[in-house]
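Chain A is the first sequence line, chain B the second, and so forth, proteins listed ahead of strands; every chain is numbered from 1.
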Protein chains: 2
Amino acid sequence: MKIDHIMTFLEIAACGNFNRAADNLNVTQSTVSARVKTLEDQFGRSLFTRSHSGVELTSAGHHFKRYAIGIQRLWQQAHQEVTLPKGYKTVLALGAQVSLWDRLILKWMPRMREKASDVALRVEADYSSSLMRQLSDGLLDIGVMYTPRQIPGLVIDNLFEETLMLATTRERDVTAGWLEDYVFVDWGDEFRARHGEAFPDMETPAVSVGLGALGLQYILENGGSGYFPTRVVEPLIGQGRLFPVHDAPSASRPAYVVYTATPKDEELLQLALSELRAVAITAS
Amino acid sequence: MKIDHIMTFLEIAACGNFNRAADNLNVTQSTVSARVKTLEDQFGRSLFTRSHSGVELTSAGHHFKRYAIGIQRLWQQAHQEVTLPKGYKTVLALGAQVSLWDRLILKWMPRMREKASDVALRVEADYSSSLMRQLSDGLLDIGVMYTPRQIPGLVIDNLFEETLMLATTRERDVTAGWLEDYVFVDWGDEFRARHGEAFPDMETPAVSVGLGALGLQYILENGGSGYFPTRVVEPLIGQGRLFPVHDAPSASRPAYVVYTATPKDEELLQLALSELRAVAITAS
DNA sequence: ATCAAACTATCGAATTATTCGATGGTTCAC
DNA sequence: GTGAACCATCGAATAATTCGATAGTTTGAT
């Protein structure tokens, strides 16, 4: 069975006519006939009832159609996912957590396109656990995440440390008042741990937010205080929209890059990593 | 692309060795080499990394494997369906988690044979994630599982809710003593969550069991307490082999049926679903 | 260092499958 | 009866696949 046979079958099923199918597929009618014959011989059943005015599916044909569609779809998808685009020498697959996407990957991609124009890029966003699994399965070349897990055969490097600082929308009474309308923003396991250490007596804040960007938006619109990346907060302080809480401890949130210890293309990997680090410097 | 290429690819992926694959497929090694080469040429990417001691999948190979499996299965099933024995109109494919097998599928099958004697049945047991993939690839008509995942094009219906109750082998001192020899049986994410809520202070039990049936066997043989389906426990209570812990909270564990929104045979699907629901009533 | 063992790659020849173009047969409408 | 619109089949050209043999690796034992 060749994929051509499937396509031919489906084309005929669609247009009900060997000749038209032959035209659409750019082959002769005898080829179409032969292809159908091959399929029918394989099944030992005829797939079409021939008549003067074209053909119709037999019941076996009807049943086969469903599978033919599935096979055709899967093959197409496989092709789409696996085939190397024309003009490219290889593919580099990188996965990153969503939260690292815009600050890092969006800047990394154009740099890679420039420095390695013959390398196709496949980038994905996913959770760190899923990224780790894909890395160890060899489905990804590079993973960028906040909470990697040590796995044999994979190397974990520190990529950058983001500093989280406490900022508030209060213009006055900053030091004493920030706790009043504090918003707990969940920056992950490590942050939660440090947060618990730093403020052991803090009651559960009235508002807590699971995703960083949302928390910042919230306090900008409704007023409040919370921990946010220095990089993001500083311009807002410059604009007078936020104020630093100077005596509050800052927290750090390291991001890591993970890759296999035995890459297929050492040179390319090193390039990708150094570009990633270069981008990370501007991002942190 | 020929189906032989797919089979060859999968055989190699399974045994990691061109020579052994050649043996298993009853062709020469050079044929295997050539087949792989055609695939690789088509994709413009290598699918295996050759090494001294056999071959391994490249990342492209890993990606392709998923589709190769699907195509191979679809082709196989197409063959099965198209060459149906006389008297059968179609095949209905159902997949279920192992744990739902005996309580549901074994009862469902004879009913279907009776009500739709011209429909061949193909039933499989697998994990829910694998079932979901097969459903979305069109390899299954119906899936029955505890933890479906929402996928476009697939419909998820509640099938029944199983009640889990706490039971113990202790004849006396039931209420106070059950914790002593408690066995934690893992009934899935939702159960773990409810369990944590209900017993926030519980220390890690000395024995925990991943598969329900094993847990029950364990406490019946060695004594102990744990959560089990009411349906299973009640007869044992009747026999005096188990005793209910009356003041412990019970948990529910919903099971779902998943099917495509665009079935090949709506009527048959509805019959299968209604039979499944009928069976579920007696099972819950 | 050498050798054998266990791999995969490749080459040429034989074989097999596919395709084309031409031809033949059928059915239906007019 | 004739032509138009079909599909089947045949033979020859072409292309793809296979085999067997051989060559080139790498590894581990001696």
Side-chain angles (χ1 to χ4, degrees), chain A residues 1-58 60-62 64-65 68 71-72 75 79 138 262-264 266, chain B residues 1-58 60-61 64-65 68 71-72 75 79:
Chain A
M1 186 280 292
K2 300 224 298 195
I3 195 71
D4 292 351
H5 297 159
I6 303 280
M7 311 272 260
T8 305
F9 169 85
L10 287 172
E11 186 60 42
I12 300 170
C15 69
N17 184 312
F18 279 28
N19 285 284
R20 214 163 318 143
D23 270 0
N24 298 343
L25 297 166
N26 294 311
V27 293
T28 58
Q29 172 260 315
S30 68
T31 299
V32 169
S33 251
R35 284 180 181 172
V36 171
K37 192 172 184 318
T38 315
L39 277 178
E40 290 179 329
D41 286 351
Q42 262 179 85
F43 290 134
R45 291 264 199 299
S46 65
L47 297 170
F48 298 100
T49 53
R50 279 74 165 169
S51 80
H52 56 98
S53 58
V55 294
E56 275 187 13
L57 287 171
T58 62
H62 267 114
F64 179 57
K65 184 176 170 191
I71 291 172
Q72 196 233 29
W75 175 250
H79 213 269
T262 54
K264 57 182 178 193
E266 180 70 44
Chain B
M1 184 280 294
K2 301 224 299 194
I3 196 72
D4 291 352
H5 296 158
I6 303 277
M7 311 271 261
T8 305
F9 169 84
L10 287 172
E11 184 61 41
I12 300 169
C15 71
N17 184 312
F18 279 29
N19 284 285
R20 214 161 322 143
D23 271 0
N24 298 343
L25 297 166
N26 294 310
V27 293
T28 58
Q29 172 258 315
S30 68
T31 299
V32 169
S33 250
R35 285 180 180 172
V36 172
K37 194 170 181 313
T38 19
L39 276 179
E40 290 180 328
D41 286 351
Q42 239 169 114
F43 291 135
R45 289 229 265 162
S46 66
L47 297 169
F48 298 99
T49 53
R50 280 74 164 168
S51 81
H52 52 98
S53 56
V55 294
E56 275 187 13
L57 288 171
T58 62
F64 180 57
K65 187 176 169 191
I71 291 171
Q72 196 241 27
W75 176 249
H79 212 274

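- Atom CG of Leu39(B) and atom P of dT8(C) are 16 Å apart (whole Å).
- When rounded to the nearest whole Å, the span between NZ of Lys2(B) and P of dA15(D) equals 17 Å.
- Close to dA9(C), at under 4.0 Å from its OP1 or OP2, lies a side-chain N or O of Arg50(B).
- In this structure, the CG atom of Asp41(A) is 13 Å from the C1' atom of dA8(D), given to the nearest Å.
- Picking from dT17(D), dA9(C), dT19(C) the nucleotide with the shortest atom distance to the side chain of Ala34(A) gives dT19(C).
- Nearest heavy atoms, His5(B) versus Leu39(B): O-CD1, 3.7 Å.
- At a threshold of 4.0 angstrom between heavy atoms, the contacts of Val27(A) are confined to the sugar-phosphate backbone, with no base atom among them.
- Heavy-atom contacts from other residues, nucleotides or ligands closer than 6.0 Å to CD of Glu56(A) number 12 or fewer.
- Going from atom CD1 of Ile3(B) over to atom C1' of dT17(D) covers 17 Å, rounded to whole Å.
- Atom CD in Glu40(B) sits roughly 12 Å away from atom P in dT8(C) (whole-Å rounding).
- The interatomic distance linking Phe18(A) (CZ) with dG25(C) (P) rounds to 20 Å, in whole Å.
- Contact check, Asn19(A) against dC7(D): a side-chain N or O comes under 4.0 Å of OP1 or OP2.
- Each of Arg20(B) and Lys37(B) has a nearest nucleotide on DNA chain C; the 5'-most of these lies closest to Arg20(B).
- In this structure, Val55(A) reaches the sugar-phosphate backbone alone: every heavy-atom distance under 4.0 Å involves primed, P, OP1 or OP2 atoms, never a base.
- In this structure, Thr28(A) reaches the dC20(C) phosphate: one of its side-chain N or O atoms is under 4.0 Å from OP1 or OP2.
- Taking atom CZ on Arg35(B) and atom P on dA17(C), their separation rounds to 12 Å, with Å as the unit.
- Residues Val36(A) and Phe9(A) are not in side-chain contact: their nearest non-hydrogen atoms beyond the backbone lie 4.5 Å or more apart.
- Counting only N and O atoms by type, the side chains of Asn24(A) and Glu11(A) include a donor and acceptor under 3.5 Å apart.
- Residues satisfying the salt bridge (Lys or Arg N to Asp or Glu O under 4.0 Å) test with Glu40(A), not counting sequence neighbours, are Arg50(A).
- Contact detail for Lys65(A) and Ala13(A): the closest heavy-atom pair is CD-CB, 4.5 Å.
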Measure all distances between protein nitrogen or oxygen atoms and nitrogen or oxygen atoms of nucleotides 21-27 of chain D, and list the pairs falling under 3.5 Å.
none

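- Counting to the nearest Å, the P atom of dT18(C) and the CE atom of Met1(A) are 12 Å from each other.
- At least one side-chain nitrogen or oxygen of Asn17(B) sits closer than 4.0 Å to the OP1 or OP2 atom of dC7(C).
- Side chains of Ser33(B) and Ser30(B): a donor-acceptor N/O pair is absent below 3.5 angstrom, by distance only.
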